[in-house]
Amino acid sequence: MPSVVLKVDAKKMQEMKKYYNQYLNNPPQYAEFQAKTPLASITAYTSGKVVFQGKTPEQEADQWNTQPPSEKKSAASHPYQPDTSLFTSSHIGSDEAGTGDYFGPITVCALYADRSQIERLKSIGVKDSKHLTDEKITSLAQEIVAMEIPYRLLRLSNKKYNKWQEKGWSQGKMKALLHHQAISKLLEDIEPIKPDGILIDEFAKPEIYKKHLRSEGYSLTAETFFMTKAESYSIPVAAASILARSLFVKEMNKLSEQFGMTIPKGASLKVDRAAAALLNEYGEQALRDVTKWHFATTQKAKKIAQGG
């Protein structure tokens with residue numbers, strides 16, 4: 001099983017524990033905490049060592065690796081890696097939300113900001129959304145929209161998600177097509193302006209992303225770059241992440257209102273129990289329509305609903 005190991009200080013350890021609160025399990029001996037997300041299993045030891053294991057532990061670990069990309073020992077330079085000058089240039093940033101959540105849609109946003117707009121976004125507190133509460137994200141999203149900065153925001157409903165998944169589409173392919181659509185529409189919106197580049201928060205290697213596009217007859221837009229943890233370096237990516245997350249939170253609130261109960265985010269025992277409650281109250285089709293049905297949560301919820 002692939003694994004990634006990070007060494008963190010006590011402050012970062014507590015920040016991680018708070019971030020993974022809804023995913024926590026009973027920790028083993030000598031561990032500060034243990035959590036399981038859709039991407040990886042995380043075990044944080046009192047020594048400061050944090051082990052990420054699973055199918056794609058790199059994606060989960062990357063958000064906590066604070067080394068600049070140029071200093072990462074495992075960061076292989078590729079033609080789609082942006083030069084640091086892009087971060088202060090006029091460019092498009094693209095990011096998504098909701099991919100690891102059982103309930104709720106996937107939301108994708110592409111946003112364009114020129115140099116002056118980047119400074120304005122910084123001034124209102126735009127930064128990596130993983131370090132912001134949902135309340136702060138909602139507030140910042142309203143300020144970003146009020147600035148009339150160009151963006152395209154897409155929502156993939158669970159009904160469509162499940163249809164695509166049943167066709168054999170991976171979540172990676174879905175995200176690639178959504179990012180491509182959002183970026184293409186945004187480029188049309190800002191014509192004749194030509195951005196200095198397009199930066200996508202990397203969820204798949206560039207060649208895999210291009211393969212997904214080719215399978216549906218599309219090609220990669222020129223001057224497109226990929227970077228893990230891009231929202232920590234690019235203000236347009238950070239702003240796009242905030243808008244995507246804000247829409248996801250809004251959709252989750254709608255679900256809570258629809259079913260008259262709090263619908264939890266993420267994937268955890270709390271989510272399993274909420275899904276089981278909905279299954280008993282409203283039936284399988286109603287649950288399928290608002291969830292990523294192929295997640296392991298479905299079988300767990302069925303077992304709980306049956307008294308298992």
Side-chain angles (χ1 to χ4, degrees), residues 2 36-40 54-60 62-63 80 92-110 152-188 198-221 224-228 230 237 240-241 243-245 247-248 251-252 255 263 265-267 271-272 275 279 284-302:
K36 184 174 179 59
T37 75
L39 295 177
K55 292 182 178 180
T56 54
E58 304 88 357
Q59 286 184 256
E60 195 70 63
D62 268 338
Q63 65 179 303
Y80 302 106
I92 287 174
S94 191
D95 203 356
E96 79 282 333
T99 58
D101 296 80
Y102 180 62
F103 287 101
I106 289 178
T107 55
V108 172
C109 182
R152 278 285 182 151
L153 186 56
L154 304 181
R155 169 188 173 277
L156 177 64
S157 71
N158 290 109
K159 286 183 179 181
K160 194 163 189 178
Y161 176 98
N162 291 329
K163 286 182 180 178
W164 281 356
Q165 195 275 328
E166 288 164 5
K167 281 174 56 178
W169 285 30
S170 66
Q171 193 181 91
K173 178 173 180 176
M174 296 182 207
K175 291 192 286 185
L177 270 294
L178 289 168
H179 277 277
H180 182 74
Q181 182 181 354
I183 290 166
S184 298
K185 293 294 184 182
L186 181 57
L187 286 170
E188 293 176 7
I198 299 165
L199 181 58
I200 299 173
D201 188 48
E202 185 175 315
F203 56 85
K205 295 302 179 185
E207 291 303 324
I208 299 299
Y209 184 96
K210 290 167 63 179
K211 180 181 178 181
H212 289 322
L213 296 188
R214 285 197 301 270
S215 70
E216 297 302 314
Y218 300 111
S219 58
L220 188 68
T221 307
T224 295
F225 303 98
F226 299 83
M227 182 180 175
T228 56
V237 174
S241 178
L243 291 182
R245 180 67 182 181
L247 177 57
F248 174 76
E251 293 295 322
M252 289 294 286
L255 284 181
I263 302 297
K265 303 178 184 71
V271 175
D272 300 343
L279 190 59
E284 184 171 305
Q285 188 58 52
L287 183 63
R288 177 189 287 267
D289 288 346
V290 296
T291 64
K292 299 173 184 68
W293 192 246
H294 68 107
F295 275 28
T297 302
T298 297
Q299 297 309 314
K300 293 177 183 178
K302 286 182 177 181

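We're numbering straight along the sequence, starting at 1. The figures that follow rest on heavy atoms only: side chains count, while hydrogens, waters and symmetry mates do not.
Judged by distance alone, with hydrogens and angles left aside, the side-chain atoms of Thr298 form a donor-acceptor pair with the main-chain N or O of Trp293 at under 3.5 Å. Under the 3.5 Å distance criterion, the side-chain polar atoms of Thr221 are left unmatched by any main-chain donor or acceptor of Thr224. Between the Lys265 side chain and the Gly98 main chain, no donor and acceptor come within less than 3.5 Å of each other. No side-chain donor-acceptor contact under 3.5 Å links Asn158 to the backbone of Arg288.
Using a 4.5 Å heavy-atom threshold, the side chains of Lys302 and Glu284 count as touching. Side-chain contact between Ile106 and Lys292: present, with at least one pair of heavy atoms (C-beta onward) separated by less than 4.5 Å. Proximity of His212 to Ser170: side-chain heavy atoms (C-beta onward) are separated by under 4.5 Å at one or more points. For the pair Met252/Leu255, a side-chain contact is recorded, criterion being any heavy-atom separation below 4.5 Å from C-beta on.
Pairing each heavy atom of Ile92 with each of Ala110, the nearest pair is CG2-CB, 4.3 Å. The heavy-atom pair separating Val108 from Ala182 by the smallest distance is CG1-CB, 4.3 Å. Counting all heavy atoms, side chain and backbone alike, Ala301 lies closest to Ala275 at CB-CB, 3.5 Å. Nearest heavy atoms, Ala230 versus Leu199: CB-CD2, 4.0 Å. Contact between Gly100 and Phe295 at its shortest, heavy atoms only, is O-CE2, 3.8 Å.
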Practice prompt. Show your working on side chain to side chain contact (heavy atoms under 4.5 Å, CB included) between Ile263 and Val290 and close with a plain yes or no.
Written response: CA-CA 11 Å; Ile263 302 297; Val290 296; over 6 Å; no

Worksheet item: Can Leu287 and Phe103 be said to form a side chain to side chain contact (heavy atoms under 4.5 Å, CB included), step by step?
Response: CA-CA 9 Å; Leu287 183 63; Phe103 287 101; 3.9 Å; yes

Which pairs would a plain distance check flag for residues 173-181, meaning a side-chain donor or acceptor within less than 3.5 Å of a matching protein atom at least two apart in sequence or in another chain?
from: Lys173; atom 1: NZ; to: Ser215; atom 2: OG; distance (Å): 3.1
from: Lys173; atom 1: NZ; to: Glu216; atom 2: OE2; distance (Å): 2.8
from: His179; atom 1: ND1; to: Ser94; atom 2: OG; distance (Å): 2.6
from: His179; atom 1: NE2; to: Glu96; atom 2: OE1; distance (Å): 2.7

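Atom CG of Leu153 and atom CG of Leu186 lie 11.5 Å apart (nearest 0.5 Å). A distance of 2.5 Å separates OH in Tyr161 from NE2 in His294, rounded to the nearest 0.5 Å. Taking OG1 from Thr228 and NZ from Lys205, the interatomic distance works out to 7.0 Å, rounded to the nearest 0.5 Å. To the nearest 0.5 Å, the span separating NZ on Lys185 from CG on Leu187 amounts to 11.5 Å. Taking CG from Leu156 and CD from Gln171, the interatomic distance works out to 9.5 Å, rounded to the nearest 0.5 Å. A distance of 7.5 Å separates CG of Leu213 from OG of Ser219, quoted to the nearest 0.5 Å.
Tested against Tyr209, the residues Tyr80, Tyr218, Phe226 include a single ring pair (Phe, Tyr, Trp, His ring centres under 6.0 Å) partner, Phe226.
Side chains of Glu166 and Asn162: no donor on one and acceptor on the other come within 3.5 Å.
Not a single salt bridge (Lys or Arg N to Asp or Glu O under 4.0 Å) links Lys36 to another residue, sequence neighbours left out.
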